Protein chains: 2
Amino acid sequence: MYEKKIPKDFSCGFSVLMEIIGGKWKSYLLYLIHNGVHRPNELHKQMPSATRRVLNMQLRELEFHGMVKRVIYPELPPRVEYFLTEFGDSLLPVIFEMNEWGNNHLERFQKLITDKQLEAVA
Amino acid sequence: MYEKKIPKDFSCGFSVLMEIIGGKWKSYLLYLIHNGVHRPNELHKQMPSATRRVLNMQLRELEFHGMVKRVIYPELPPRVEYFLTEFGDSLLPVIFEMNEWGNNHLERFQKLITDKQLEAVA
DNA sequence: CTGCATCCTGAAAGATACTG
DNA sequence: CAGTATCTTTCAGGATGCAG
C-alpha cells in the first residue's frame, strides 16, 4: 500500500495521499489556508510550536505537490500569501472525513491512552 | 491539527487517526487482514520488504488501539491469526476513501515526480 | 516580514541473531 | 511457525542565527 513515509513507490493511492499530507503540519496548514489564513506569519501564530523553518518547508512541499499556490507581492515589507489550488480544494473533503472519524472515536481513544498511562504507573 | 507523527495531543480527530494508521505498514495490514490474510507469515509474504519485527510491532500497536484482535491457537506448530474488530472495520471506509482520492490523482502525481526527477538530472 | 543555512536530536524502521 | 532483544541507520523535524 505504501512503502515509506516518503516512499518511492507511488503505485497505490494511499501512498500518494500520505506523501502529500504526511508531513507533521500539512493537514493543518491546508485547513488554515482554507479558512482564510494566508500569510506565513499568521499561519505561524496559529501553530506556535512549529518552527518557521519547518512551516516553510512544508508549505513548499505543498506547493510542489500542487496543493497550494504561493503569491508574492513585491512590496516593502515583503508580503507572501498562500492559497489553495483546485487540487488542494479537492483534498479537503478527505481530510475532513479523516478528522471526523477521529473525532467520533476521540473519547474512546483518549480513555485508552489514559488507562494505558495508569497501567504504566501501576 | 496534529502535532507529531506520534503526538501527545490527541485533541483533534486527525491526530487520532494519524496515530492509528500513521505507521509505515498499518493501513496495508488492515487492508490485507480485511481481505482474508490473517496469519503473520502470510502477511509478511505480501510485504516482503518489511521486517517481521516491524510487522509484529505494528500489529501490536493496531491491537492496542483496538483495531485488530489477536487470536492464538495453542497448536503445534504455533498458529496466530489477526482479525479486524468492529472498530477496525469502521476505519476501512475512510482508508478506502483516502486510497481512492490518491488513485484519482495518481497519474498526475507520478508525472509530477517524473518531471521533477528529469529536472534534477538536467 | 520574508526565507535560507547549519547543526542537532529523537523516534521509526532495518539488520541480525536469538528463544519457545 | 511464532516472537523478542540489541544494535545501527535514517531522516523528518527542531533550534538557532543570518540575510534580503
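Each chain gets a letter, A, B and so on, in the order its sequence line appears, and its residues count up from 1. Computed from a predicted structure; not experimentally measured. Computed from heavy atoms alone, side chains included, the values below leave out hydrogens, waters and symmetry copies.
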Nearest-angstrom distance from the residue atom [atom1] of [X] to [atom2] of [N]:
X	N	atom1	atom2	result
B:I21	C:dA12	CD1	C1'	17 Å
A:M47	D:dG13	CE	P	13 Å
B:E61	C:dA11	CD	P	13 Å
B:L76	D:dG3	CG	P	14 Å
B:H44	C:dA13	NE2	P	15 Å
B:M18	C:dA12	CE	P	13 Å
A:K24	C:dT9	NZ	P	16 Å

Would you say C:dA12 has OP1 or OP2 under 4.0 Å from some side-chain N or O of B:Q58?
-> no
Neighbour count above 12 (heavy atom, 6.0 Å) for A:E75 CD = yes
Counting distance only, does the side-chain N/O of A:S27 pair as donor-acceptor with the main-chain N or O of A:I21 below 3.5 Å?
-> no
Under 4.0 angstrom, heavy atoms only, what part of the nucleic acid is A:E81 near: base, sugar-phosphate, or nothing?
-> nothing
Would you indicate whether the side-chain heavy atoms of A:L62 and A:Y82 approach each other to under 4.5 Å?
-> no
Is there a side-chain contact between A:L59 and A:R70, using heavy atoms and a 4.5 Å cut-off?
-> no
Do the rings of A:Y31 and A:F96 sit parallel, tilted or perpendicular, given the 30° and 60° boundaries?
-> perpendicular
Charged N-O contact under 4.0 Å between B:E63 and B:K69 | no
In 5'-to-3' order, the base (B), backbone-only (S) or no-contact (-) status of each nucleotide in nucleotides 2-8 of chain C, using a 4.0 angstrom heavy-atom cut-off, is BBSBB--
Closest to the 5' end of DNA chain D, once A:A50 and B:P77 are matched to their nearest nucleotides, is B:P77
